[in-house]
Amino acid sequence: MWGHVSISIAILLASLLYHYYFREPASVVVYPETHYDYIVVGAGTSGCVIASRLSEMSNVTVLLVEAGGYFGWLSTMPLLAPMMQGTEVDWAYQTEPQVFSSRGLHGYRQNWPRGKGLGGSGQLNYLVHSFGRPEDYKRWPKGWSHADLLPYFQKVSNIMNVIPMPEEEYLTKAFVLAEESLKLDNVSLRKAMYTAKNGARWSTHHAYLRKAWNRKNLHILMNTLVAKILFKNSKTDGIKVIYKNGSVGKIGVRKEIILCAGTINTPQLLLISGIGPIGELKKHKIPVVRDLPEVGRNLFDHLNVPVYVNLRERVSITLVKLQTVPEVFNYFAFGTGWLATNGVMGFGRANNSGLLLFGVASTEEKLLKAISNFETETFRSLFPSYNDSMHEGFIYLVTCLQPKSRGSITLRSSDIRDPPKINPAYLQDPDDVMCTYRAINFALETLDTRLFREYGAKVHVPDFEECRHLRQDYRDVDYSECVMRIAGLTSYHPCGTCKISADDDAVVDEELRVKGVSGLRIMDASVVPSPISGTPNSVLVAMAERASDIILNRSSN
Ligand SMILES: Cc1cc2nc3c(=O)[nH]c(=O)nc-3n(C[C@H](O)[C@H](O)[C@H](O)COP(=O)(O)OP(=O)(O)OC[C@H]3O[C@@H](n4cnc5c(N)ncnc54)[C@H](O)[C@@H]3O)c2cc1C
């Protein structure tokens with residue numbers, strides 16, 4: 001009898017799991033209707049929030065169009081996120097060769113991964129949570145001040161399940177305690193926060209879209225590329241789409257199209273649709289709908305300098321420690337242990353200097369070289385643990401939080417399938433060099449504190465041929481500059497290419513409406529007007545919540 005009961009329970013559990021994970025949600029469609037009230041382009045961090053909130057109104061119809069499909073199980077494990085880069089769920093962009101940076105990377109190009117599929121880059125990212133600093137928003141236009149966004153930040157912290165790194169961790173403790181000993185202004189060294197639930201990734205795909213994807217008034221069209229926005233007398237008429245099989249279609253819109261395709265693809269789509277600097281449109285023989293000179297400009301990103309710190313004590317995460325049976329068992333049975341985290345233990349700031357403490361000592365050469373695009377010599381020089389999976393240490397990712405360099409997105413061709421030209425112009429502004437140098441020194445100062453000294457923390461100084469004529473010491477500004485121009489890496493935070501502003505030079509107004517046309521808004525990282533002193537994902541979720549209220553003419557609740 002007990003045998004039958006166990007089998008029945010097993011079948012019940014299996015069918016529940018199957019239904020939870022594999023059943024196609026009712027909103028997913030293959031053949032869309034001819035018209036919708038709202039069309040949301042891109043199911044990434046922002047698009048999932050917008051589509052979910054708009055479809056709460058049962059009297060409107062919403063279509064969410066996404067170029068990719070579902071992300072696989074790998075995306076659920078926080079620590080394995082880098083393994084998805086370069087796969088079919090990544091747009092796998094590369095920047096143009098950089099003039100002022102990236103000298104230790106193949107072709108002087110940075111890899112710029114972007115998520116492709118339900119959840120977008122939020123399904124590929126490292127889950128670090130931050131809302132930046134209140135003063136960041138002083139430069140933002142009306143309606144987007146820190147006070148305006150605060151109710152949304154509070155709401156989002158719950159919905160996105162923001163949690164801290166585990167309490168008992170050695171490196172976190174050393175990092176947080178270091179704050180007391182530092183004689184720096186506005187310093188804060190905190191335990192890193194991230195968005196996860198029961199050891200698994202928690203993105204807007206989970207927190208918003210999954211809650212909405214059985215609604216009758218929401219349709220989700222996957223594996224479909226939006227190729228162009230169509231206009232009739234400067235008012236949006238619909239979208240031109242390319243389906244997976246290559247066939248082309250048109251879908252009409254009654255109220256609004258909301259672009260949520262991200263910092264790179266949103267300006268690309270606008271340009272191809274005839275909205276952008278007239279010179280760029282003419283160069284590609286694109287009929288002009290609206291001359292908007294700022295489309296694609298104002299591109300900014302944080303440039304991270306990886307500073308490796310050797311440790312004497314066994315207090316970091318090494319590959320050997322990760323591959324033990326209890327570690328793997330604890331993850332799969334209880335959703336705990338290092339595999340359940342993103343490995344980021346501390347997040348620090350002192351004025352415009354930023355620090356992330358990544359506690360994984362081992363640097364798996366094949367994977368990290370593939371994702372960073374580092375040349376072998378650069379990689380081996382930076383990371384003494386490249387061939388030793390037991391080496392103890394950690395990586396400080398050091399950054400200037402308010403970079404001044406600005407780059408651009410321009411077209412390679414008028415075909416949406418051709419990747420646009422990405423030029424972040426890292427370190428073009430000399431102030432960014434000094435700002436990054438100060439951040440490196442901030443990192444060094446944290447190491448000269450009690451617990452880090454007890455752990456035997458000692459900074460590793462890379463021996464780059466190009467910097468050998470200089471004093472091999474990060475405290476030497478010329479040496480630090482040399483290293484940052486060779487080894488600085490994207491932090492994956494590009495924003496700003498369709499900035500919000502009340503000024504004439506803006507792409508969208510304070511209500512996110514694209515200037516000079518009607519029925520078109522943007523809500524994604526491209527509208528962020530100036531850098532956030534932290535990570536952008538949670539800020540975008542809050543902004544998308546506010547954008548939904550603006551579109552539906554609701555107040556915050
Ligand atoms: C590797 C990596 C690590 C990161 N780590 C962090 C972190 O730890 N913390 C943090 O806060 N931020 C992090 N970020 C940044 C953060 O994830 C992004 O800023 C955020 O996800 C951007 O959201 P978005 O809505 O602007 O665009 P996305 O989330 O990129 O969404 C855009 C969506 O639009 C779709 N799309 C694009 N073009 C088209 C088209 N023509 N037709 C149809 N669909 C289209 C895309 O496929 C995608 O799904 C990271 C990013 C990456 C890539």
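Excluded from the calculations below are hydrogen atoms, water molecules and symmetry mates; all remaining heavy atoms, backbone and side chain alike, are included. One-based numbering, in listed order, for ligands and for the atoms of each. Index from 1, following the sequence.
A donor-acceptor contact shorter than 3.5 Å links the side chain of Asp524 to the backbone of Ala261. Of the possible donor and acceptor atoms, one in the side chain of Ser27 sits under 3.5 Å from a partner among the backbone N and O of Arg215.
Residue Asn125 holds the heavy atom nearest to atom 14 (N) of ligand 1 of all those in Thr195, Asn125, Asn111, Asp90. Here the shortest heavy-atom distance to atom 31 (O) of ligand 1, taken over Ala43, Pro78, Ser526, Gly44, belongs to Gly44. In this comparison of Gly117, Gly42, Gly115, the heavy atom closest to atom 48 (C) of ligand 1 sits on Gly115. Of the listed residues (Val539, Val226, Val344, Val528), the one carrying the non-hydrogen atom nearest atom 41 (N) of ligand 1 is Val226. Remark: among candidates Tyr194, Phe71, Phe131, Tyr492, the nearest residue to atom 2 (C) of ligand 1 is Tyr492, based on non-hydrogen atoms. Between atom 28 (P) of ligand 1 and the options Ser121, Ala192, Pro536, the minimum heavy-atom separation is to Ser121. Considering each of Arg114, Gln268, His493, the one bringing a non-hydrogen atom nearest atom 18 (C) of ligand 1 is Arg114.
Taking atom 8 (O) of ligand 1 as the reference point, the nearest protein heavy-atom neighbour is Val128 N, 2.9 Å. Residue, atom and distance of the protein heavy atom nearest to atom 53 (C) of ligand 1 are Pro113 O, 3.3 Å.
Classification of Arg254 and Asp37 as a salt-bridged pair holds, one side-chain N sitting under 4.0 Å from a carboxylate O.
Where the criterion is an N or O separation shorter than 3.5 Å, residue side chain and backbone included, Ala525 meets it with respect to ligand 1. By the 3.5 Å distance cut-off applied to N or O atoms, Ala67 is counted among the residues near ligand 1.
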